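So that the names make sense, note that chain A is the first sequence line, chain B the second, and so on, each numbered from 1. As the structure is a computational prediction, the values presented were derived from the model and not from experiment. When reading the values below, keep in mind they use all heavy atoms of this one structure, side chains included, and skip hydrogens, waters and symmetry mates.
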Amino acid sequence: MGFDIQQTLLWIVLLPLLGALINGIAGRHASKAAVNVVAVGSVFVAFLLSVVGFVHLAQAEGGNASIVFDFYEWFSIEVQRVGAPSVEVPVRVRFVMDHLSGIMTVMVTGIASLIHVYSIGYMAEDEGYARFMTYLNLFTASMLVLVLASNVPLMFVGWEGVGLCSYLLIGFWFKNADYAAAGRKAFVVNRIGDFGVLIGMFLLVAVVADERTPDAFEFAQINAVATRIGLTQVQLGGATLGVTVATAASLFLFLGVCGKSAQFPLFVWLPDAMAGPTPVSALIHAATMVTAGVYLLCRLSPVFVESPYAMAFVATVGAFTALLAASIALVQNQMKKILAYSTVSQLGFMVAACGMGAFAGGFFHVFTHAFFKACLFLGAGSVMHAIHSHSDADIRYLGGLRKKLPKTHITFAIATAAIAGFPLTSGFFSKDEILLGALTWATGFPYAPFMGWVVFGALVLAATMTAFYMFRLYFRAFWGEYKGGYADDDPHHHKVEHPHESPDAMTVPLYVLAAGALLVGLLGLPHAWHLPNLWSEWLAPGHEAFLAVLHEQGHGEEAVAAATAAAREVPSAMASLQFQGQMVHGADWIAWVAMGAGSLAFLIGAGLAYVWYVQQDGSAPAGLQRSMPGLHRILMDKWRFDELYGFLIVTPMRWLAYFAANLDRFFVDGLLTRASSAGAKALGFLLTRAQNGVVFAYAGLMVAGLAGLAWWFTYPHPALEGEAGTGEVSWVAGRGLGYEYRWDFDSDGEWDTEWSADPAASHVYVDEDQIYGLVAIVEAPRSMFGAEELVVTAGETVEVPTVNLAADWVRTTITTDGDADEGLFGRTPTAPTLRYDGGRLVVNINSANIVDRDGGDDGRLALRAGETVTFGGGRITVAVLVRGTVEVKNPFGNRSRESRDLTLRVNPGAEGGEPQAQVIR
Amino acid sequence: MEIGLGTYLALASVLFGIGAVGFLTRRNILLQLMSIEVMLNSVNLTLVAFNRWTPGEPGAWNHHGQVFAFFVIAVAAAEAAVGLAILISLYRLKSSVESDSADLLKH
Amino acid sequence: MTQILTTLLVWPLPWVLLTLLFGRVFPRSGTLGYVGAMVGAVFLTTMTFGAPSPDGILSAILLWPALGALIALFLPRQWSDGVRRFASVWLWAGFALSLYLLGPVVREALAPNPEALASSGRLVQIAWEHFFAPFFGAFGSDASLTFATAGYRFTEDAAWIETFGIHYKLGVDGISLWLIILTTLLTPIALDVSWNSVSTKVKEFAFSFLLLQVGMIGAFVALDLFLFYVMWELMLVPMYLIIGIWGGKDRVYAAVKFFIYTMVGSLLMLVAILYVVMQLKAETGILTFDLTQILWLKLPRTEQLVLFSAFALAFAIKVPMFPFHTWLPDAHVQAPTGGSVILAAVLLKLGGYGFLRFAMPLFPWASRYIAPTLAVFAIIGIIYGAYCAWVQRDIKKLVAYSSVSHLGFVMLGLFSMTSGGISGGILQMVSHGISTGALFILVGVIYDRRHTRDLADFGGLAKVMPVYATIFVIVTMSSVGLPGTNGFVGEFMVLSGTFVSRTFNLYQKIFTLFAATGVILAAIYMLHAVLKTFWGPITRPENEKLQDLTSRERWILAPLVVLVFWIGVTPGFFLHPMEASVEDFMVTWTARSDQSYRSGEERGMYDGWQPPADPAEAAPAEEGAEETAANEAAAEGGAG
Amino acid sequence: MSAGGELIFLFCGFIAVVTAVLTVSLRTPLRAAVALLGHILSLAGLYLTLHAHLLAAIQLMVYAGAVVVLFIFVIMLIGPGAEPKTKTKWLTLRVGAASLMAMVGATLAFGVSSIDRPYVDIDQCRGAAAECGQFGGVDALSDAIFRQSAVPFELVSVLLLVAIIAAVAVARGHSPAEKKAIEARRAAQGGAAGGEGA
């Protein structure tokens, strides 16, 4: 078998999966070395293969290469459309490595390899070692499926898969019930997000699926018809909501992003997720999984871009999250807690960047963040390893570690500098891109300039806070005097006098990551410097075509639109073009301001931390804490979001559940089981009363029945029935012993026949005198029991009932199968009314969909018997009503009479003919 | 007065009514059984009377009514036998021939 | 008849005898020995005689457990272990026999035609030529036996009660195929899980299971309304006995409740069946209970509504749909483990199957008219069941309520009337059978050890029972609907089907929105159970020395776990056979509901009906062939 | 209808009504039975007016000869204990039901009295009796019973057999007092037997 570049994609996914399978089944009984070989080996080979794929991409001609591996068709669904044939939409297992997923694949496999190596050292003593490696491998495989998936459902597999692994790994030390609960919390909160992804996916596919794009789940096809998505309105309950599908789908997808990338309001699970082992925190809850949301934003960026509202919402939420999480991180004392909130905050940066259209910038931050945050977490892990802690390390009892753990210190310092935005580190460059995006949005974006400034301000503030709390963490942990690692009165731990540096398996990954944190920023040099920005060019291959058009046509709004269209000719990996375009045509000062703001944020934050914690030894913040105890308390309690959600959502849901369970037990079951059985018992009780065993009682009952029967016999019973022919009715009355009959066919009070013994008679109705009234036979598409007959007699006005018909009455288009597209919401239709006027049925049209075809535009129709008028999906036929009467006498001499009304359908006479004669024949 | 089918039927109705009234008023099972015999006989009378007025053709007589009456007589005999057996059984059990005393079947 | 007897005598009977003989010769061979012996016996007969003939295979599958039940009656009562072993091996042989039905499916998956076979991988070629082809024989080589086109396969027709037009008519199509396999697989499993827990009246227990299987398979293969009704009621009695005799504390209450609930519905259904048959007689002069004939009858809308309600009540109770579900938790909690497994895995499916096979095609307009309303109840069931499940203390009750929730999805899919939704609904039925069946088995395992099912009595079991915990979490995830497991595919297809359904017209998006919250709630209640059972410290001293899964229990669970992933990863294998049938169902249903809608209160026959030339010889097989031909023509036209 | 026939009708009808009233109203069962006998004889007379000769004979044989005798036999068996005690349980209700029934009978009589069919004069068979038989005669009725209604007839014989068995089964057995005596005797015997065995 020759080397097939497409096959690499399959093996990239399969290798970690196989590793997980082998370790999962055999790992418990295998030696640690074998587990290591399988786990680390599989991920590392996957890394090598992804590098191969990436290089292949980089060497490909044209700016838009991708590697596609079509595995098999998973299943397919049928999309039904109104007024068009259904479309079969396949869901494929197909992997795509393009410019976007290429970066992500290399990053995921690379960092996963490093963290696998790190885990060899970190988890060496743990009894669940093989289980841990299994989960990590499974996670890597899921993450790769997420990244490489070519369509939404397949991505959803990875999306949920990483959620599962996260759940399992957070609860890895499941003996601690809190950890297990944290895992469940993560899973459930993520599930809320997944719900959003599902709905968003359906919204998209319902629009995208048609004959030209049947593969409607594929990202490529969704992105290709993004404009259509942006123009289609959401229909709900027959009404148009005034919201485009792009907006609705974006918002639902963003719910998923919020869950996975820990954005407000679903961010609460991530800090709790730090219950998992530290490598897990580094890999899953910092570097890779949590960025999946940002990845999705970038993947479907053309759809998001179609909805300015959704974009603004995304940006706002991102900035708010960044600020909120940073504020919490300011006061926390646990190392991993600080890093966790910092992760939430940085994710806020990324999401905000995407919301502002700086997808490339946001994604750049994903990339750089992966390095420095993984490095930070692993550094924290190294510290915890040094003081033999499983859960976390409190910075209040650390200090002076730079001498005890020199290798950890140097890498930690570099990563801290990077995240804080120290100039020329990676964090500086990526944050600069984001701030630049915010400024561009504020200055150039036509929709919400005010929001742009707010977001920019929030981001700068958050960046300042970031610099402060990161350096606070760094200074307190690594500078000053070593304090033994634990509080004096810690009941569970003893102070560690001589913390030792971690083994090489742990420090080597730290070095690699620190180097990355320092250097990868050079891929995206700031625009202000007019140096080549490799990152943007890689991700936005239409860039040059775009610039060319701008160059020719100037920088007007139309020109930007034309340029965007030109760039779209090269289907882009990202839709960041129009925003970058504005960036380009904007002034240079914007770029300088952004860079200045970023640097200033670093200087203020880091400087303050240095002054307070190195020069003054922490007395100033302590004073602040004393002067504002309430604020400190609430920050320490994370703004009490957990409590708020508990109060607002969890507890009510729990009560609802108890209510439902009791409802089920007492009401539903009570009604269906107990009440019905009680009813049957009561009936049985009543019936047994009659069975008293006394012969006389039975005889008496029999006599009563007999008497009733005799009574019935002494009176005649006409039981009149009639069958309508055309203009003629065959009447028949009930037979009986010695009955005689006489008839009054038109019920005018005069007997038309003499007494006779024949129970049947028939009569031809000729004159209008013999007609009792008119009948409107209303046939409506949704009426449950078929045609409805409305009797209209002289001087009476009858309203046509609109039950089930609401949508059909109004002036709308009715499709062939009677489904109305509009009308349930918004409009209140007025039903037609019917009146009897001189032998004609007058229909007052009101708002019904009836053609006023008798010439006069007076909104009324005069119909003769036999005529038909259609309205919407239904129609009214005019018939006549006749009433026959019969009188019966029996040998007792008793008489009784009965009348019966009958609707007589008639053929319409010739136009203008004599109505009486015409009506009937 | 002309005697026709109606007369016979009226007579049968009267007899039936007498039998029924007897059945209702008497508590002695023996007498109740006799009342039942009276009622059955009245029904037989109607059957035979109807048969008389629909006799069919010579050589192809219609005897349905009389056959029915015959069967009714047979059934009445069976009924009397079983009824009297029950009466004896009841008398052994309760020392009474009153129908009200046989109420073990209550509920 | 001789064909059927030959099939039974030459194939499953030797399997049973060889396996039992092996057990006598090597008494300590263990579960692996039995499995190996059974596989070896199958291999041996196939090598010796080839595969059985496809003629009469359904009768053979149906008669096999009946024969077993008969034999079980004559086994000595004291020989309880032997009876148990006999019934288990007998049922497994039935499963192996039913696998022949999959011949066409495997052929189409592996080797649809010689060219495809030649171009496929070497592994596939070897597997097909040396394993599957000899095993399936005529099943795998007869090209007319295929599920790629609509229509019934393996049909059999014989007069039963000629006077009333009642026939013994059987057939399988894509809709019922997997449900039959599910039945034959789950029944032996359900019997085996009660290996140790049922020690009284073992003979009667085995007899009940064998008889129950007759009823279940019969209901799935019957194409005659009367035969279906008989089988439908036949299922009821053994299940009633299983719950009422070997159940828990309140078993009699639960059994009676189960019985009465089901009976109420089915009696109304009987009335409706008779009415429909009489109407057909009035319309065409033919008195028949043959489903394929009755389907042509077009009834007035009002009558359709009433009759559909009668059918729907019977099936809705069986499913069970809200608010007729309250018998289910009681029955599940009180039933022995095996009973719960069968109840959840197979009996409930008959509700959905009945809707699809009988209620909807018989009354197309009414079903379309009511579908949105029923969908609302299905959605209420999804959410309500989930909420109820969340706060249950009894794990079995929790799983029972989760069934209510899951079957809400099934019903929603069926009512969506999109081919994706219906296929998804059927797949979800199979998935639910597997994952909920497995959950009940797992609950039964822990109940056998601790004799309690209260969540509060557990905690931290993952430490002492790692394999048990692993399998439990896998099954839980399948129940939650994690992608990659079986639960996801069905759920996804149902939800997407609902979203694009034309039947739900204006409410599709709202329906989907509410139904999809079930996805969240499923995670909440299932993980709640997992958390309380497995995670955290061990709080009870009794739990410290619990035995992990025994080898027999692992063998029982293994096929289910394999199926969880098999369906989840390659659902195509399971979906392809049902595609044509579902598509045909959709087309016919749509056309007839339109006709029925247009004709209003008129009654008659649907377009295209032709009176059978000779009523006594109305050959349904030929009709099936015609349909097949028509479909093939349509498929070719579509391809062209 | 001939004048003789009318006379017989009037006479027998009158007797039938009077004896029926006596049957249901006499206090002594024996007298009531005798009245019933008279009633049955008068009905046989009515049958004669209706050309039901064989039936009249059967009426006499079965009713007068068997049923009434059975009644009298039972009355003798039971003896004077059969005299009912005077109890007024549900008296009003009984009277109410009885009068209701009387009204029903009267209404019915009134209602049906006007029913009329044209009188058919039965033309006696002119030929040999064997050829055509006589309406209501032995030949004709036997033909109807044993040919046309053979199956019901056989069923009636089964019914009678069942009735005989039922009568025996029901009337067999003992009164509580008798039972006690028998049991006491058995116990004595059983005890003796047990003693012997030991």
Legend entry - Minimum-distance pair of heavy atoms, taken over all atoms of B/V67 and D/A144: CG2-CB, 3.7 Å

Legend entry - Shortest non-hydrogen contact from D/P29 toward B/L30: CB-CD1, 4.2 Å

Inset, instruction - Could you tell me which portion of D/I164 (side chain, backbone, both or neither) has an atom closer than 4.5 angstrom to a non-hydrogen atom of chain B? - result: neither

Legend entry - Option that, when pairs with chain D are counted at under 4.5 Å, heavy atom only, ranks first among B/I18, B/L5, B/I29: B/I18

Legend entry - Separation of B/F71 CZ from D/L155 CG (nearest 0.5 Å): 8.5 Å

Inset, instruction - Give a yes or no on whether the backbone of D/A171 and the side-chain of B/R92 come within a donor-acceptor separation of less than 3.5 Å. - result: yes

Legend entry - Structural part of B/I88 lying under 4.5 Å from a heavy atom of chain D: side chain

Legend entry - Distance, nearest 0.5 Å, that separates CG of B/L31 from CZ of D/R31: 12.5 Å

Inset, instruction - Evaluate side chain to side chain contact (heavy atoms under 4.5 Å, CB included) for D/L159 paired with B/V75, printing each intermediate quantity in order. - result: CA-CA 8 Å; D/L159 175 76; B/V75 171; 3.8 Å; yes

Inset, instruction - Please flag which part of D/A169 lies under 4.5 Å from any non-hydrogen atom of chain B: side chain, backbone, both or neither. - result: neither

Inset, instruction - Over all heavy atoms of both residues, which pair between D/M101 and B/G17 is shortest? Give the atoms and the distance, please. - result: CG-O, 4.5 Å

Inset, instruction - State, with a plain yes or no, whether a side-chain heavy atom of B/Y8 is found less than 4.5 Å away from one of D/T49. - result: yes

Legend entry - chain B interface, residue from D/L26, D/T19, D/V62 that has the most non-hydrogen pairs under 4.5 Å: D/L26

Legend entry - Most chain B-contacting option - heavy-atom pairs closer than 4.5 Å, from D/I145, D/L36, D/V162: D/I145

Inset, instruction - Dump the intermediate steps for side chain to side chain contact (heavy atoms under 4.5 Å, CB included) on D/V67 and B/I73, then the final yes or no. - result: CA-CA 10 Å; D/V67 175; B/I73 291 172; over 6 Å; no

Legend entry - Under 4.5 Å from a heavy atom of chain D, the part of B/L47 involved: neither

Legend entry - Which atoms of B/T46 approach chain D - backbone, side chain, both or neither, heavy atom under 4.5 Å: neither

Inset, instruction - Ignoring hydrogens and angles, state whether a donor on the side chain of B/E37 or D/Y63 is under 3.5 Å from an acceptor on the partner side chain. - result: yes

Legend entry - B/R27 and D/R94: CA distance, side-chain angles, deciding distance, side chain to side chain contact (heavy atoms under 4.5 Å, CB included) verdict: CA-CA 10 Å; B/R27 286 198 302 279; D/R94 272 169 194 273; 3.4 Å; yes

Inset, instruction - Count the heavy-atom pairs under 4.5 Å between each of B/V48, B/T54, B/V82 and chain D, then report the option with the highest count. - result: B/V48

Inset, instruction - For D/F73, look at atom CZ and say whether over 12 heavy atoms of other residues, nucleotides or ligands are found less than 6.0 Å away. - result: no

Inset, instruction - Would you mind telling me which of D/D143, D/V156, D/V104 has the largest number of heavy-atom pairs within less than 4.5 Å of chain B? - result: D/V156

Inset, instruction - State, with a plain yes or no, whether a side-chain heavy atom of D/L54 is found less than 4.5 Å away from one of B/F70. - result: no

Inset, instruction - State, to 0.1 Å, how close D/L50 and B/Q66 come at their nearest heavy-atom pair, and which atoms those are. - result: O-NE2, 4.4 Å

Legend entry - Over all atoms of both residues, closest heavy-atom pair of D/L160 and B/A74: CD2-O, 3.7 Å

Legend entry - Contacting moiety of D/L43, where chain B heavy atoms sit under 4.5 Å: side chain

Legend entry - B/R26 side-chain N/O to D/V24 backbone N/O, donor-acceptor pair under 3.5 Å: yes

Inset, instruction - Under 4.5 Å, counting heavy-atom pairs only, tell me which of B/A20, B/S35, B/P55 racks up the most with chain D. - result: B/P55

Legend entry - Minimum-distance pair of heavy atoms, taken over all atoms of D/F71 and B/A80: CE1-CB, 4.5 Å

Inset, instruction - Counting only heavy atoms closer than 4.5 Å, note whether D/A97 contacts chain B via side chain, backbone, both or neither. - result: both

Inset, instruction - Name the region of D/A102, side chain, backbone, both or neither, that has any atom closer than 4.5 Å to a heavy atom of chain B. - result: both

Legend entry - Winner by heavy-atom pair count (cut-off under 4.5 Å) against chain D, out of B/V21, B/L24, B/L9, B/N41: B/N41

Inset, instruction - Mind ranking B/I86, B/L90, B/L45 by heavy-atom pairs under 4.5 Å with chain D and telling me who comes out on top? - result: B/L45

Inset, instruction - Answer with side chain, backbone, both or neither: which region of D/F153 has an atom nearer than 4.5 Å to a non-hydrogen atom of chain B? - result: both

Legend entry - B/L15, part contacting chain D, at a heavy-atom distance under 4.5 Å: side chain

Legend entry - Reported CG-to-CG distance for the pair B/N44 and D/L46, which is rounded to 0.5 angstrom: 12.0 Å

Legend entry - Side-chain heavy-atom pair D/I78, B/L87 within 4.5 angstrom cut-off: yes

Inset, instruction - Dump the intermediate steps for side chain to side chain contact (heavy atoms under 4.5 Å, CB included) on D/F135 and B/N51, then the final yes or no. - result: CA-CA 10 Å; D/F135 180 75; B/N51 200 174; 3.9 Å; yes

Inset, instruction - Tell me, for B/L11 versus chain D, whether the close heavy atoms (under 4.5 Å) come from the side chain, the backbone, both or neither. - result: side chain

